Amino acid sequence: MVARTYARQAASATRTRIFTPSERGELSTIIIHPRNPTPPKSSTQPQTPLGKSLKADQKITVSDALTEFDKMLQLQPRPPMASFNTLLGTVAKAKRYQDLILMINRMPEVNLLPDYIGMNILLNCYCELKRVGLGFSVMGGILKRGYNPNIVTFTALIKGLCMEDKIGDALGLLKKIIRMGFHPNVKTWGTLVNGLCRTGNAEVALRLHEEMKNGNVGLDLRFNPSLIYYSSLIDGLCKEGLVEKGKELFLEMEGRGISADVVAYGALIHGLCRMGEWEQAKELFIQMIDRGIRPNVVTFNILMDSLCKEGKTDEASGMLELMIRRGEKPDSITFNTLIDGYCLEGRIDDAKELFVSMAAKGHERDVASYNVLINGYCKCRKLKEAMSLFREMLCKGYKPTVITFNILLTGLFQEGKVEDVRELYSQMKDHDLTPDSATYSILLDGFCKNDCLVEAIELFETLEKSGYKLNSLNCNCLLDGLCKAGKLDLASELFERFPEMGVAPTNFTYSIMINGFCKDRQLEKANNMFVEMENKGCAPDVATFNTLMRGFCDNNDAPKVVELLQKMADRNFLPDSFTATIVVDLLSKDKSYSKYLKLIPKFPDMA
DNA sequence: ATAGGGTTAG
């Protein structure tokens, strides 16, 4: 009740603005309201569950669970299996999957086998670790032991398949189990929707949602979406730029009587911020407070990150003070976001200062703090500082990640230090790190751009032979390198092999080829590529148009440029600054070209 | 007793 009153005051007085520094003072007096008093934590530890069945609502820490599990394994008579399962569940919820596997492996040593619940926990653990194959073997074990997989088992497997980008398999499995008579529940649908959204298939998720709403899935189930289900979908839609759809879903959800929480608001606010819709984001933020929903550290992190991306790091920094005054504890993400903001503004000294002071203020740094600052040094071409920071993190016992290496490799390539790249790359295995697809893209791109085309080709071939599944970005890097080196024959050869490599050419792939052919004065082939991509259902975007028009412009084919401009206008494409440059070039080439001026189409929203 | 959601670094 008290919170609501404060919230209403906050909302009515904050109607103005939230995000600029001048308004910060005003805001701080408005939004800061006392935390709801929380009763001091009871100092009594939870009763140990020895011998007794654990209560579900009993909160125990992971380390307690681990020691308790050890004790229980030795106990005679044996505690009920449900107690073991609770401890396994605690460790699984904390995402301590390696510990979980160790726990389960120790059970047979005392002649105890996990029951089907324990096996479901293990199966889910493998799925979380992106080892869906092992997940399926656990299901084999479930069957072998005479248990039956249930909808929980299948939901975990669907998640596992989605995590490995096997959306088709996930949908296939779902269809299969429905045919077998299993009933997907709201968690199954939520998992699928989330999996679809995470793999860039939010539109598929939305279509699925519409069909479910209309009862077209051929199930006799009542479609009963939850807050979490809607949050996943809203977030997924927003992440793909479909913020309008996100807003619709938000309203639809509330229309069903499901009230948004801090998470649902966060997802939508983030989406609006990303689109630069600050007014609407602000409105939602106020609405949220108005309804008594307290913004948490994540909400603040979203707002601060958005401010940083807009180049308003000082304002983001003001938000940090605001959240501290509100009693909301910033976390390492808060600080890393700010440090990155300073780096983005080129204020590397401010970044370093915050990096130093966060530790002094008792906020622990993590690997990401180092990654952000190392990246900042690389971006302002201070490789020496970046490398010394890297050495510092190693000395202090921080374990570098693949991202650390990717940042440094990018920085080294940018400075043309190919020898250092080779050295650093070879160090990755010493740190037990496996290069990821981004690493390979960096290497392929870097070798190409540093006159080591042969090395790029060799790496590509090694990867192919090793069974590593190259993605379209990897292929595009080499493709671009081949084109830029004038090896159009080799590029074409690689392009033709995309299908057999199981790689779908993207818009970017076609642009690379079009650009390559244009620069090689093979305008007809460039144009054929353009036609081919349209036929293949890969819609050209403004960048593709620009690439082809630049080619025709450089080859003094004004009519063709005008034709393409017309095509753009017909499709309601907005020209960008590159388009403008092409038009200017076209008109300035020759007096006679000015006759094309009147032929240049009117674009929507253009003066 | 088991399964699903939103934030940061390339």
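Sequence lines set the chain letters: A, B, ... in the order given, protein chains first and strands last, and positions in each chain run from 1. In this text, all values refer to a predicted model and were calculated from it rather than measured experimentally.
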Mind checking [X] for me? I need base, sugar-phosphate or nothing, with any heavy atom below 4.0 Å counting as a touch.
X	value
A/Ile407	sugar-phosphate
A/Val367	nothing
A/Asp436	base
A/Ala368	base
A/Tyr116	base

request  = Kindly state which residues belonging to residues 240-262 of chain A come within less than 4.0 angstrom of DNA chain B, counting heavy atoms of the residue only, listed by number.
outcome  =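 A/Asp261, A/Val262, in order of number.
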ask   = Heavy atom of residues 340-357 of chain A under 4.0 Å from DNA chain B: which residues?
value = A/Asp340
Return no unless some side-chain N or O of [X] is found under 4.0 Å from OP1 or OP2 of [N].
X	N	value
A/Asn194	B/dG5	yes
A/Lys239	B/dG5	no
A/Lys93	B/dA1	no
A/Lys159	B/dG4	yes

What is the separation between atom [atom1] on [X] and atom [atom2] on [N], rounded to the nearest whole Å?
X	N	atom1	atom2	value
A/Arg198	B/dG6	CZ	P	8 Å
A/Leu233	B/dG5	CG	P	14 Å
A/Asn296	B/dT7	CG	C1'	9 Å
A/Tyr229	B/dG4	OH	C1'	12 Å
A/Phe84	B/dT2	CZ	C1'	17 Å
A/Trp189	B/dG5	CH2	P	17 Å
A/Asn336	B/dT8	CG	C1'	6 Å
A/Leu389	B/dA9	CG	C1'	13 Å

Any Lys/Arg nitrogen of [X] or [Y] sitting under 4.0 Å from an Asp/Glu carboxylate oxygen of the other?
X	Y	result
A/Arg347	A/Asp350	yes
A/Asp340	A/Lys379	no
A/Glu392	A/Lys396	yes
A/Lys352	A/Glu385	no

Under 3.5 Å side-chain donor-acceptor pair for [X] and [Y]:
X	Y	answer
A/Asp366	A/Asn336	yes
A/Thr506	A/Ser472	no
A/Thr86	A/Ser83	no
A/Tyr265	A/Arg291	yes
A/Thr299	A/Asn296	yes

Nearest to the side chain of [X] - [options]?
X	options	result
A/Glu128	B/dA9, B/dT7, B/dG4	B/dG4
A/Ile333	B/dT7, B/dA3, B/dA1	B/dT7
A/Ile302	B/dT8, B/dT7, B/dG5	B/dT7
A/Lys309	B/dA9, B/dG4, B/dA1	B/dA9

query = A/Phe355 ring centre to A/Arg365 NZ or CZ under 6.0 Å, with the angle to the axis within 45°?
reply =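 Judged by the rule (NZ or CZ under 6.0 Å from the ring centre, within 45° of its axis), A/Arg365 counts as positioned above A/Phe355.
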ask   = Can a donor-acceptor pair under 3.5 Å be found between the side-chain atoms of A/Thr191 and the base atoms of B/dG4?
value =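 It does not, because no donor-acceptor pair links the side chain of A/Thr191 to the base of B/dG4 below 3.5 Å.
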task = Report yes if a donor N or O on one partner sits less than 3.5 Å from an acceptor N or O on the other, where the partners are the side chain of A/Ser226 and the base of B/dG4; otherwise report no.
result = yes
request  = Evaluate the criterion salt bridge (charged side-chain N to carboxylate O under 4.0 Å, His left out) for residue pair A/Asp305 and A/Arg274; output intermediate values, then yes/no.
outcome  = CA-CA 10 Å; A/Asp305 183 51; A/Arg274 258 190 304 243; over 6 Å; no
